[in-house]
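Notes to accompany the following structure.
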There are 2 protein chains.
Amino acid sequence: MSGIVDLAAHVGVSPATVSRALRGLPGVSDNTRERIRLAADQLGYVASPSASSLPTGKTKAIGVLVPWISRWFFNAVVEGAQEVVAHHGYDLVLYAAGTSTSRPRTIDARVLSKRVDGVLALSVNLSHSEAEALQASRSALVTVGPAAPGFSSVSVDDVRVGIMATQHLLTLGHRRIAFFGGDPYDMFGFPVAPDRQAGYEKALRAAGIEPRANWILPAEFSVFGGESAFVQLWQEAEHPTAIVAASDEIAMGILHMARAMGVSVPGELSVVGVDDHDLSYLFGLTTVAQPVRHQGELAAELLLKLMKCGPSREPETIQVATVLIDRATTAPPS
Amino acid sequence: MSGIVDLAAHVGVSPATVSRALRGLPGVSDNTRERIRLAADQLGYVASPSASSLPTGKTKAIGVLVPWISRWFFNAVVEGAQEVVAHHGYDLVLYAAGTSTSRPRTIDARVLSKRVDGVLALSVNLSHSEAEALQASRSALVTVGPAAPGFSSVSVDDVRVGIMATQHLLTLGHRRIAFFGGDPYDMFGFPVAPDRQAGYEKALRAAGIEPRANWILPAEFSVFGGESAFVQLWQEAEHPTAIVAASDEIAMGILHMARAMGVSVPGELSVVGVDDHDLSYLFGLTTVAQPVRHQGELAAELLLKLMKCGPSREPETIQVATVLIDRATTAPPS
DNA sequence: CTGTTAGCGCATTCAT
DNA sequence: ATGAATGCGCTAACAG
């Protein structure tokens with residue numbers, strides 16, 4: 001309710017001085033500043049973000065674009081990011097962007113750039129026009145996951161992820177390995193699954209094995225996706241001895257359906273996932289772990305830097321390391 | 001970049017007309033309105049939220065207070081809420097409030113009320129002063145979960161939840177039933193666990209069984225909480241034949257540790273959780289399900305209504321129904 | 001070190 | 001149906 005002028009009047013100084021004092025700007029005597037601070041929280045004064053964003057052009061908020069709100073991976077990233085930005089006095093505005101196929105609300109770069117000072121795009125495949133608009137609005141943008149051309153990003157090496165998972169199985173002695181991943185309804189612009197698949201194929205070929213098309217199944221990034229794909233796979237005449245799942249959730253679906261269908265893991269079938277989901281250890285799931293929360297933190301820090309220093313000429317690309325966690329869903333083939 | 005005056009000039013009308021036209025207000029000829037709309041998205045004009053919030057006092061954003069970003073329950077609620085508010089043109093600002101004991105950042109009602117038009121508080125125990133401040137700032141507030149006195153809320157009947165879970169076990173023939181729940185470090189102000197416990201005790205007594213203090217263990221709302229509590233419980237001289245867990249995550253922890261310790265479920269031990277977590281069916285977990293996403297939707301709708309009609313005299317309290325889902329972790333005692 | 005002046009971009013009376 | 005004037009609450013450039 002009380003504005004800056006009331007406070008100023010109350011203390012007996014000008015609004016300008018109050019503004020400077022409260023924001024820690026130089027040019028205010030320690031004495032005056034203290035008096036103002038005191039009166040401020042005594043009167044419960046706090047500057048209106050809308051009002052200050054007008055002259056400054058800064059909103060002190062950063063936007064986060066996520067395909068789905070309620071998916072473990074994205075939440076973990078958001079959690080990491082939120083911690084960092086909050087620490088710097090920024091608020092987080094959450095936008096559900098949807099995927100390229102099911103997009104609840106088209107993200108408008110213009111409104112976005114008015115509301116926030118920077119945006120974090122998580123595995124969201126911006127359309128070409130959106131990317132351009134974002135680019136043009138010259139608002140800072142960093143992606144987590146697939147890098148958009150021209151933008152800074154934080155990610156893992158997905159090809160390598162595919163290689164690591166497959167290599168582990170190969171080392172165990174498997175020769176008949178399937179791959180689950182890639183949303184059939186979202187084949188375009190969501191390169192994480194294709195890259196992991198590429199790594200899988202690469203590792204296979206390096207071992208002198210030719211990938212079999214009927215053992216490479218599309219699967220939505222969810223438990224259900226893994227279940228469906230497994231059922232389909234098991235209808236094939238020949239069964240593999242191992243499966244690389246593009247995510248832990250897919251792997252969980254495999255595990256669940258395998259048990260239901262009487263396929264023993266890792267006896268008859270080995271399974272390796274990707275992510276190290278919070279609950280994966282409960283399943284004893286072997287997985288290629290990636291530091292999810294940390295990626296959120298890094299992305300937030302990178303974004304904050306970009307916002308401060310202006311977009312550097314060269315977009316920065318950070319890759320974080322992954323590590324295979326060998327648990328109980330993988331074993332030598334019988 | 002381009003402001004309302006540029007657009008107005010471009011079209012050859014006054015800024016006032018542009019403002020009215022774009023917001024669908026009456027008093028603009030259809031012809032003029034269409035011309036303005038056309039020019040608007042041709043020039044990529046969109047009103048600055050900060051600027052318009054100044055005269056109107058509305059920010060078109062609603063704030064969500066969550067104890068933890070990355071916990072299934074809260075995300076599911078947020079997902080429901082986001083869908084509803086986005087549909088009404090509102091943005092969602094996410095605040096990690098922490099619990100009463102570990103609060104990363106104290107939520108300032110004053111800054112909150114400047115940034116958002118209303119707030120959704122999820123299981124967050126506002127301190128008395130915070131509640132007062134929120135009250136005073138006269139910003140709309142609805143809670144999900146424990147109702148704060150004087151505020152509208154959406155929740156389940158937690159006492160009944162406790163009764164349902166316990167009753168199920170009782171009906172199965174169990175007489176020796178333990179209860180896990182309630183963060184030991186957050187005993188104050190987070191009434192969901194106590195209420196569920198109360199229901200547990202009530203059901204027990206109704207069956208002529210006196211609750212045993214050493215079978216009621218505090219447990220953080222997480223897998224780890226369930227694991228720790230189970231280890232502790234099993235050190236007791238006497239073991240129960242069943243456990244009521246205050247959440248599915250706690251139950252998962254029990255399941256995991258039981259298996260590790262060679263306790264068969266449901267052979268030697270029955271377990272029932274609460275929530276129906278997305279992954280619970282993978283464990284065959286018997287649970288008292290609550291419509292989590294729906295609560296988010298209801299809360300958002302209630303909040304929107306409050307914001308439109310002004311805080312009604314009587315705070316509205318919505319309770320949603322719960323249902324026991326009987327899966328595979330419960331059986332008659334052996 | 002502090003006060004004055006002038007906008008920031010829009011919504012809103014009140015005229016016309 | 002439209003335009004002109006005024007103000008929202010704050011910051012910034014310039015005085016003093």
Side-chain angles (χ1 to χ4, degrees), chain A residues 1-37 39-40 43-61 89 110-117 137 139, chain B residues 1-37 39-40 43-61 89 91 108 110-117 137 139:
Chain A
M1 285 296 84
S2 60
I4 199 174
V5 297
D6 303 310
L7 216 201
H10 184 83
V11 181
V13 294
S14 76
T17 302
V18 171
S19 177
R20 289 185 285 242
L22 259 25
R23 288 182 304 155
L25 296 187
V28 183
S29 78
D30 290 0
N31 174 27
T32 311
R33 192 188 301 275
E34 214 34 62
R35 269 170 46 225
I36 294 179
R37 279 206 178 120
L43 265 72
Y45 169 81
V46 61
S48 153
S50 326
S52 30
S53 85
L54 213 32
T56 62
K58 269 79 185 60
T59 62
K60 276 298 190 176
R110 296 165 290 174
V111 29
L112 213 59
S113 63
K114 302 273 186 165
R115 253 225 187 289
V116 301
D117 297 336
S137 72
S139 51
Chain B
M1 284 296 88
S2 59
I4 198 173
V5 297
D6 304 309
L7 215 202
H10 183 82
V11 180
V13 295
S14 74
T17 302
V18 171
S19 177
R20 287 185 284 244
L22 259 25
R23 287 182 306 153
L25 295 188
V28 181
S29 79
D30 290 358
N31 173 28
T32 311
R33 192 189 301 276
E34 215 33 63
R35 268 170 47 224
I36 294 179
R37 279 207 178 119
L43 266 72
Y45 170 80
V46 61
S48 154
S50 326
S52 32
S53 84
L54 212 31
T56 62
K58 269 78 184 63
T59 62
K60 276 297 188 177
D91 287 339
D108 190 329
R110 296 165 288 173
V111 31
L112 213 60
S113 62
K114 302 274 185 162
R115 251 225 189 290
V116 301
D117 296 337
S137 71
S139 51

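In what follows, chains carry the letters A, B, and so on, assigned in the order in which the sequence lines appear, proteins first and then strands, with residues in each chain numbered from 1.
Between B:Val11 and B:Thr17 there is no side-chain heavy-atom pair separated by less than 4.5 Å.
Relative to the side chain of B:Pro55, the nucleotides D:dG3, D:dT11, C:dC10 differ in distance, and C:dC10 lies closest.
Spacing between atom CG of A:Leu54 and atom C1' of D:dG9 amounts to 9 Å, rounded to whole angstrom units. If you measure from atom CZ of B:Arg23 to atom P of C:dA11, you get 4 Å, rounded to the nearest angstrom. Distance B:Tyr45 OH to C:dC10 P: 3 Å, rounded to the nearest Å. What separates CG of B:Asp6 from C1' of C:dG9 is a distance of 10 Å, to the nearest Å. Distance NZ (B:Lys58) to P (C:dT12): 11 Å, rounded to an integer number of Å. A:Arg20 has its CZ atom 11 Å from the P atom of C:dC1, to the nearest Å.
Between A:Val5 and B:Ser29, the residue whose closest nucleotide on DNA chain D is further toward the 5' end is B:Ser29. Toward the 5' end of DNA chain C, the nearer of the two residues B:Ser50 and B:Leu25, judged by each one's closest nucleotide, is B:Ser50.
Annotation: B:Asp30, atom CG; neighbour count of heavy atoms from other residues, nucleotides and ligands within 6.0 Å does not exceed 12.
Donor-acceptor pairing under 3.5 Å is lacking for the side chains of A:Ser53 and A:Ser50.
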